[in-house]
Number of protein chains: 2
Amino acid sequence: MKDAKPTSEPTGRRQRKRQQTASHLATIAFTLFEEYGYEAVTMERIAVEGDVAKATLYSYFPMKEALVAHHLRDEIVEGMAALADQLATHRSFVSRMQFLLRESAAWHAAKRAYLPPYLRYLHGIADSAENGAIQDAGSTVTWNALTAMFRAAQQGSEVARAIPAEQLAWSLQYLLYGAVTHWLLYPDTDLTAAFLQAFALLMNGAAANKPGDARKSISTGKTNPRRSR
Amino acid sequence: MKDAKPTSEPTGRRQRKRQQTASHLATIAFTLFEEYGYEAVTMERIAVEGDVAKATLYSYFPMKEALVAHHLRDEIVEGMAALADQLATHRSFVSRMQFLLRESAAWHAAKRAYLPPYLRYLHGIADSAENGAIQDAGSTVTWNALTAMFRAAQQGSEVARAIPAEQLAWSLQYLLYGAVTHWLLYPDTDLTAAFLQAFALLMNGAAANKPGDARKSISTGKTNPRRSR
DNA sequence: GTTCAAAACCATACGTCGTATGATTTTGTA
DNA sequence: TACAAAATCATACGACGTATGGTTTTGAAC
């Protein structure tokens with residue numbers, strides 16, 4: 001079944017080649033997007049430029065948005081790796097998360113133009129699943145990271161253990177998603193602030209504080225008068 | 001620039017007639033959807049059946065999804081009105097909200113088939129706004145209701161006043177949105193439970209409870225062994 | 001090496017959405 | 001009655017995404 005004979009190369013070549021051309025096509029597409037704008041570039045064009053038939057292109061990327069998603073996902077993976085070191089320097093969970101959110105907001109701002117198709121793609125997933133196939137793998141990257149952070153915070157007693165870390169990650173993602181959506185509609189609003197507020201809300205909750213409440217609430221993290229280090 | 005009111009705003013009758021045919025078209029469309037399924041019904045067909053040119057149909061509903069949205073929005077308005085009485089019988093904010101969420105979950109389950117295009121529409125809004133026009137008016141109905149409830153709860157000291165009611169409504173909506181999306185992917189999960197959990201999380205927050213915390217946390221509202229009715 | 005079935009690929013046509021065009025009709029108002 | 005704005009119409013079109021049916025690669029088995 002799985003033990004390969006020493007006759008020739010492992011069977012993974014086909015798959016590697018596939019991922020290779022996938023990456024190739026995505027790169028070409030992104031180059032075109034950068035030059036002419038997402039809307040202006042047609043799938044036909046990408047196929048021609050990539051020297052494949054349109055049908056083949058679609059076999060790799062079932063919708064146009066998937067091309068954007070592929071590229072952005074790669075960027076996210078890269079970015080997260082690059083941030084790992086700095087993340088580790090932050091001592092508390094809240095501080096780590098706030099740092100990550102600031103970075104994330106900046107990244108969103110930089111990629112603004114691609115967010116509409118990207119978000120559309122992430123939902124296209126859920127839609128397609130209606131008809132059968134596809135597991136997500138889209139935003140899983142960031143979701144995994146968030147889950148890990150929440151889980152660690154639970155073990156460090158910074159976050160309540162009652163709620164599964166997965167659900168917390170998931171909840172935060174949707175709050176952030178809402179912030180992004182709002183920000184796309186009103187570009188002049190402060191995305192970073194919105195991210196931090198969403199996080200603070202998730203941590204503190206909305207219930208009125210009773211007098212005897214001993215919890216120290218998490219601020220929105222904006223440069224605060226007190227504590228200038 | 002072009003503001004002021006230089007010419008004439010659409011006058012009473014014209015506007016009424018427009019809304020009338022809009023409703024007419026939406027009804028026809030929905031009937032067809034019910035009979036043949038959303039995907040199977042083409043815009044061309046709807047136009048023919050409604051005895052208008054395709055371009056005219058599009059002038060009323062800029063995307064196919066808008067037809068679904070129109071109908072569902074009407075249903076929501078109706079439903080909310082019908083629920084108003086029962087809502088008032090609940091004494092506390094938490095109880096009111098939980099009641100509403102249960103109803104909402106049931107409604108979502110009933111309309112399951114239409115949710116994908118409906119959600120797509122709500123986002124198409126944000127997308128279209130990129131290019132210029134449209135203010136939402138889509139989910140505003142339910143958003144208004146939530147905002148009002150939160151504001152009342154703030155005045156009754158059941159919810160912290162630090163966060164604007166609008167933002168709370170907005171946050172809850174996105175948490176619920178996440179729950180719905182997840183449920184669409186995994187239909188066997190319990191949407192009602194997910195709604196209630198989302199709400200509980202929003203109220204209680206995720207931060208670890210310090211020993212001296214006097215806040216009584218909101219349960220998920222599921223029929224709980226202890227304290228039954 | 002020859003054979004074979006699966007897969008990847010190709011060219012092309014097609015259905016549908018949504019937009020654009022330019023002419024024609026309706027409607028409110030001057 | 002005149003006229004400009006809005007609504008409607010018929011039609012063509014560009015682009016997305018699917019379907020079809022045939023051709024080439026490819027991995028492996030004989």
Using the side chain to side chain contact (heavy atoms under 4.5 Å, CB included) rule, take B:Leu184 and B:Leu119 through it: C-alpha gap first, then chi angles, then the decisive distance, then the call.
CA-CA 11 Å; B:Leu184 285 173; B:Leu119 297 182; 4.0 Å; yes
Give the rounded distance in Å between these two atoms: CE of A:Met43 and P of C:dT12.
19 Å
Do the side chains of B:His182 and B:Leu191 get nearer than 4.5 Å, heavy atoms only?
no
Verdict with supporting geometry, B:Glu75 and B:Trp107, side chain to side chain donor-acceptor pair (under 3.5 Å)
CA-CA 10 Å; B:Glu75 255 193 27; B:Trp107 181 83; 3.2 Å; yes
Can the ring centres of B:Tyr177 and A:His123 be said to be less than 6.0 Å apart?
yes
Quickly work out the B:Lys17 NZ to D:dA7 C1' distance and round it to whole Å.
10 Å
B:Tyr121 has an atom OH; how far is it from atom C1' of C:dC17, in whole Å?
17 Å
Neighbours of DNA chain C within residues 28-42 of chain A, by heavy-atom distance under 4.0 Å
none
With a 4.5 Å cut-off on side-chain heavy atoms, are A:Leu196 and A:Arg102 touching?
yes
Which nucleotide sits closest to the side chain of A:Glu65: D:dA5, D:dG17, D:dG27?
D:dG17
Side-chain touch B:Gln98/B:Phe195, heavy atoms, less than 4.5 angstrom:
no
What's the NZ-P distance between A:Lys64 and D:dC16, to the nearest Å?
5 Å
How long is the line joining CD of A:Gln15 and P of C:dA6, in whole Å?
19 Å
What residues, two or more places apart in sequence or in another chain, satisfy salt bridge (Lys or Arg N to Asp or Glu O under 4.0 Å) together with A:Glu34?
none
Are B:His71 and B:Phe33 close enough that their ring centers fall under 6.0 Å?
no
Could you tell me how far apart A:Gln20 (CD) and C:dA8 (C1') are, to the nearest whole angstrom?
15 Å
Reading nucleotides 8-14 of chain D from 5' to 3' and marking B where a protein heavy atom lies under 4.0 Å of the base, S where only the sugar-phosphate is that close, and - otherwise, the string is SSB----
Closest approach of B:Trp183 to B:Ala109 (non-hydrogen atoms, all atoms of both residues):
CH2-CA, 3.5 Å
Please report the distance, rounded to the nearest Å, between CE in A:Met63 and C1' in C:dC17.
16 Å
What is the separation between atom OH on A:Tyr58 and atom P on D:dG17, rounded to the nearest whole Å?
4 Å
